[in-house]
Engineer: 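Sharing a structure here in structure tokens format.
Naming convention: chains lettered A, B, ... in sequence-line order (proteins, then strands); numbering from 1 in each chain. Just so you know, these numbers come straight off a predicted model, no measurement behind them.
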2 protein chains.
Amino acid sequence: MSHSVGQVAGFAGVTVRTLHHYDDIGLLAPSERSHAGHRRYSDADLDRLQQILFYRELGFPLDEVAALLDDPDADPRAHLRRQHDLLTARIERLRKMAAAVEHAMEARTMGISLTPEERFEVFGDSDPVQYEDEVRERWGDTDAYRQSRERTASYTKDDWKRVTEELDALHLRMADLMSAGAAADSGEAMDTAEEHRLFITRAYYDCGHEMHTCLGEMYVADPRFTRMYEDIRPGLAAYLRDAIVANAARHGG
Amino acid sequence: MSHSVGQVAGFAGVTVRTLHHYDDIGLLAPSERSHAGHRRYSDADLDRLQQILFYRELGFPLDEVAALLDDPDADPRAHLRRQHDLLTARIERLRKMAAAVEHAMEARTMGISLTPEERFEVFGDSDPVQYEDEVRERWGDTDAYRQSRERTASYTKDDWKRVTEELDALHLRMADLMSAGAAADSGEAMDTAEEHRLFITRAYYDCGHEMHTCLGEMYVADPRFTRMYEDIRPGLAAYLRDAIVANAARHGG
DNA sequence: GCTTGCACCTCACGTGGCGTGAGGCCCCAG
DNA sequence: CTGGGGCCTCACGCCACGTGAGGTGCAAGC
């Protein structure tokens with residue numbers, strides 16, 4: 001059951017040109033060509049296309065999509081989970097924007113005017129330079145810091161947006177686990193902690209379990225981190241730390 | 001209280017280059033220049049920038065953003081309302097995508113495989129050519145049809161996506177009014193009907209109240225339309241028709 | 001057998017929304 | 001008077017395609 005470009009373009013809702021493009025850049029090469037040189041897409045190709053379109057919808061540049069999909073140690077379920085996380089994070093962002101619009105409407109009918117900072121806070125400053133100096137002071141001479149600098153150096157605004165969205169989604173999932181009454185050393189909580197660690201490894205620097213545990217301790221020790229997590233949901237800082245510790249113990253022994 | 005490019009870029013979360021670009025294309029020209037030729041943004045400019053960023057986030061190309069914002073008969077409240085509609089529509093879409101991901105996860109754990117059409121239906125085929133022939137048959141010799149052809153001829157995929165999203169949002173608002181128990185001839189329902197009419201005028205063709213009433217009647221008469229509306233919420237087709245009729249009567253006399 | 005039409009093919013240039021220097025001006029602090 | 005920070009104006013680069021132009025393979029109708 002193979003399909004032609006036109007058919008695939010039809011039910012995937014993209015143009016033929018797009019499929020040609022994906023073939024050109026090696027993102028989606030049809031697994032076969034007909035006698036006349038026509039592209040023939042197998043069901044596996046369609047699977048891949050669906051994944052591509054999801055990640056594209058979520059704002060990933062095509063080369064990163066290729067990197068994600070060609071990552072050998074990322075099974076299909078991991079992709080689906082990440083996509084779900086990203087979607088929920090984006091929904092959350094849009095809800096905040098909608099709330100901001102409502103706020104603006106109220107302010108307008110009441111005749112109140114807002115400060116510049118208030119106006120734009122919804123767009124998520126996500127200022128990555130916020131604690132720059134202090135971070136360098138504390139961690140400047142470590143490998144992790146250098147790696148982090150290297151990887152994040154080429155991050156664009158959009159990259160930062162996606163990274164923070166994904167992190168938000170992870171925090172939200174952890175908070176939901178907590179609210180649902182799952183123990184911090186339950187399988188699900190530890191799995192989420194492990195994903196948190198892998199995310200840091202992907203986005204910032206190689207984060208082993210030991211390093212991860214340090215991070216967890218910092219979340220409850222440093223009031224700024226604590227507050228950030230408590231703002232997401234009360235009790236989350238400690239819960240996250242416990243889940244991280246439990247996960248490290250699981251992998252350690 | 002005027003601000004420099006750097007400051008504005010700072011709290012708006014955009015780059016200086018972006019502001020330069022918006023100045024170049026005439027989308028956001030700072031209302032003043034300093035002695036040294038430096039851009040100075042007033043509070044009104046910030047207002048406009050906020051609107052720009054909202055519409056941009058929602059996927060509008062910049063020239064359309066300019067058209068929307070420079071539209072003389074669109075007050076600020078209309079913008080806020082439209083933005084809110086678009087946001088809710090987008091949230092709805094993302095929720096459906098998230099549901100599709102969950103569905104895919106289930107299917108995978110169950111070991112079921114999906115048909116190509118099933119796989120991609122979430123991306124919203126939104127096939128605008130669906131009833132093309134029949135539409136031409138019934139309306140081909142009217143002015144409205146010709147206008148509609150002209151306006152939609154240059155619509156891209158993205159344009160269609162936004163149009164359907166906005167329409168969905170309107171339907172959803174109407175459905176919520178109905179569910180909340182508002183009468184079809186209440187002020188809010190009529191206002192929403194009026195927005196529906198204006199939307200059609202913007203997106204497709206000049207739709208007067210008479211024409212609008214015809215549309216409303218068709219929604220209850222043609223089973224395909226009826227079903228579409230009933231799928232959104234039971235009773236919506238008739239409710240929408242009534243609201244349209246009431247709104248036309250209000251403007252007629 | 002011949003043409004008509006359709007879906008496909010391969011270049012190859014165009015476009016939108018900026019990113020990213022290059023080179024220079026203004027102004028204040030040391 | 002020299003350095004540095006923030007601003008300025010070109011002007012070229014990039015990504016994800018859109019949009020022809022010009023040609024091929026194949027089934028259907030004349």
Side-chain angles (χ1 to χ4, degrees), chain A residues 2-30 32-41 45 49 52-67 123 129 152-162, chain B residues 2-30 32-41 45 49 52-67 123 129 152-162:
Chain A
S2 70
H3 313 265
S4 72
V5 266
Q7 288 175 319
V8 175
F11 42 66
V14 300
T15 66
V16 170
R17 176 65 177 100
T18 300
L19 294 174
H20 284 180
H21 184 57
Y22 292 172
D23 191 2
D24 287 349
I25 64 175
L27 176 56
L28 179 65
E32 214 179 341
R33 290 266 185 158
S34 83
H35 157 68
H38 292 190
R39 293 169 177 82
R40 306 258 63 189
Y41 292 85
D45 294 336
L49 177 58
I52 291 171
L53 293 183
F54 253 106
Y55 279 123
R56 184 186 72 165
E57 178 84 21
L58 291 166
F60 286 82
L62 297 183
D63 53 352
E64 279 184 44
V65 173
F123 291 108
V129 199
T152 59
S154 61
Y155 278 18
T156 70
K157 285 242 156 213
D158 268 28
D159 290 333
W160 279 113
K161 201 173 111 186
R162 280 203 318 283
Chain B
S2 70
H3 314 265
S4 73
V5 266
Q7 289 175 319
V8 175
F11 42 65
V14 300
T15 66
V16 170
R17 176 67 177 101
T18 300
L19 293 175
H20 283 180
H21 184 57
Y22 292 172
D23 191 1
D24 287 350
I25 64 175
L27 176 56
L28 179 66
E32 214 179 341
R33 291 265 184 157
S34 84
H35 156 67
H38 293 189
R39 292 168 178 81
R40 306 258 64 189
Y41 292 85
D45 295 336
L49 178 57
I52 291 171
L53 294 183
F54 254 105
Y55 279 124
R56 184 186 72 164
E57 179 84 22
L58 290 166
F60 286 82
L62 297 183
D63 52 353
E64 280 185 42
V65 174
F123 291 108
V129 199
T152 60
S154 61
Y155 278 18
T156 70
K157 285 242 158 215
D158 269 28
D159 289 333
W160 279 112
K161 201 172 110 186
R162 280 203 318 282

Engineer: CG of A:Leu53 versus C1' of D:dA16: gap in Å, rounded?
Structural biologist: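 From A:Leu53 CG to D:dA16 C1': 13 Å.
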Engineer: State whether B:Ser4 places a side-chain N or O below 4.0 Å from either non-bridging phosphate oxygen (OP1 or OP2) of D:dG6.
Structural biologist: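 So the side chain of B:Ser4 is outside the cut-off, no N or O lying under 4.0 Å from OP1 or OP2 of D:dG6.
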Engineer: Taking the side chain as C-beta and beyond, is there a heavy-atom pair between A:Asp23 and A:His20 under 4.5 Å?
Structural biologist: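 They are not in contact (no side-chain heavy atoms under 4.5 Å apart), so the answer is no.
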Engineer: Between A:His38 and A:Ser4, does a side-chain contact (heavy atoms from CB on, under 4.5 Å) hold up when you go through it step by step?
Structural biologist: CA-CA 7 Å; A:His38 292 190; A:Ser4 72; over 6 Å; no
Engineer: Can you measure A:Asp23 atom CG to C:dC8 atom P for me and round it to whole angstrom units?
Structural biologist: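 It is 14 Å, rounded to the nearest whole Å.
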Engineer: Is B:Tyr22 near enough to C:dC18 that one of its side-chain N or O atoms lies under 4.0 angstrom from OP1 or OP2?
Structural biologist: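 So the side chain of B:Tyr22 is within the cut-off, an N or O lying under 4.0 Å from OP1 or OP2 of C:dC18.
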Engineer: Across the strands shown, which category fits B:Val16 at heavy-atom distances under 4.0 angstrom: base, sugar-phosphate, nothing?
Structural biologist: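 It contacts nothing in the nucleic acid.
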Engineer: Under 4.0 Å between any heavy atoms, over every strand shown, what does A:His35 touch: base, sugar-phosphate, or nothing? Just pick one.
Structural biologist: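 Answer is sugar-phosphate: A:His35 comes under 4.0 Å of backbone atoms only.
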Engineer: For B:Pro61 and B:His38, take the nucleotide of DNA chain C holding the closest heavy atom to each; which residue's nucleotide lies nearer the 5' end?
Structural biologist: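 On the 5' side of the pair lies B:Pro61.
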Engineer: Taking A:Asp158 first and then A:Lys161, would you say they form a salt bridge - that is, a charged N and a carboxylate O separated by under 4.0 Å?
Structural biologist: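 Salt bridge absent between A:Asp158 and A:Lys161.
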Engineer: Could you state the CG-C1' distance from B:Asp24 to D:dA11, rounded to the nearest angstrom?
Structural biologist: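 Those two atoms, CG and C1', are 12 Å apart.
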Engineer: Between D:dC8 and B:Arg39, is there an OP1 or OP2 to side-chain N/O distance shorter than 4.0 Å?
Structural biologist: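 Indeed, a polar side-chain atom of B:Arg39 lies that close.
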Engineer: Quick one: is A:Thr18 getting a side-chain N or O under 4.0 Å of the D:dA16 phosphate, OP1 or OP2?
Structural biologist: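 Indeed not, no polar side-chain atom of A:Thr18 lies that close.
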Engineer: Any salt bridge between A:Arg39 and A:Asp45, counting N to O under 4.0 Å?
Structural biologist: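 Here A:Arg39 does not pair with A:Asp45 in a salt bridge, since their nearest N and O are not under 4.0 Å apart.
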Engineer: Let me know the distance between NE2 of B:His20 and C1' of C:dG21, rounded to the nearest Å.
Structural biologist: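 Interatomic distance, NE2 of B:His20 to C1' of C:dG21: 14 Å.
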Engineer: Could you give the CD-to-C1' distance, from B:Glu57 to C:dG17, as a whole number of Å?
Structural biologist: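 One finds 15 Å between C1' of C:dG17 and CD of B:Glu57, rounded.
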Engineer: Would you indicate whether the side-chain heavy atoms of A:Leu19 and A:Tyr41 approach each other to under 4.5 Å?
Structural biologist: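 Touching, per the 4.5 Å side-chain cut-off.
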Engineer: With the side chain of B:Arg56 defined as its heavy atoms from C-beta on, choose the nearest nucleotide among D:dT9, C:dC18, C:dT10.
Structural biologist: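 Nearest listed nucleotide: C:dC18.
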Engineer: Write down the distance between CG (B:Leu28) and C1' (C:dG17), rounded to a whole number of angstrom.
Structural biologist: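 Whole-Å distance recorded here is 15 Å.
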Engineer: For C:dA12, take OP1 and OP2 only and decide whether either is under 4.0 Å from a side-chain N or O of A:Arg17.
Structural biologist: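 A:Arg17 to C:dA12 OP1/OP2: no side-chain N or O under 4.0 Å.
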Engineer: C:dC18, D:dC7, D:dC17: which one has an atom nearest the side-chain heavy atoms of A:His21?
Structural biologist: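 Per side-chain heavy atoms of A:His21, the pick is D:dC17.
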Engineer: From NZ of A:Lys157 over to P of D:dC15, roughly how many Å is that when rounded to an integer?
Structural biologist: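 Rounding to the nearest Å, NZ of A:Lys157 and P of D:dC15 are 20 Å apart.
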Engineer: Given the rule in the side-chain contact (heavy atoms from CB on, under 4.5 Å) test, do B:Arg56 and B:Tyr22 qualify, once you have shown the distances and angles that lead to the verdict?
Structural biologist: CA-CA 12 Å; B:Arg56 184 186 72 164; B:Tyr22 292 172; 3.3 Å; yes
Engineer: Examine D:dG18: is either OP1 or OP2 under 4.0 Å from a nitrogen or oxygen in the side chain of A:Thr15? Give yes or no.
Structural biologist: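 For D:dG18, OP1/OP2 do have a side-chain N/O of A:Thr15 under 4.0 Å.
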Engineer: Roughly, in whole Å, what's the span from CZ in A:Arg33 to P in C:dC8?
Structural biologist: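 My rounded result for the distance is 13 Å.
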Engineer: Measure from the side chain of A:Leu62, starting at C-beta and using heavy atoms only, and say which of D:dA16, C:dG17, C:dC26 lies closest.
Structural biologist: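 Of D:dA16, C:dG17, C:dC26, D:dA16 is nearest to the side chain of A:Leu62.
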Engineer: Considering every strand and a 4.0 Å limit on heavy-atom distances, what is the contact class for B:Arg40: base, sugar-phosphate, or nothing?
Structural biologist: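 Nothing, no heavy atom under 4.0 Å.
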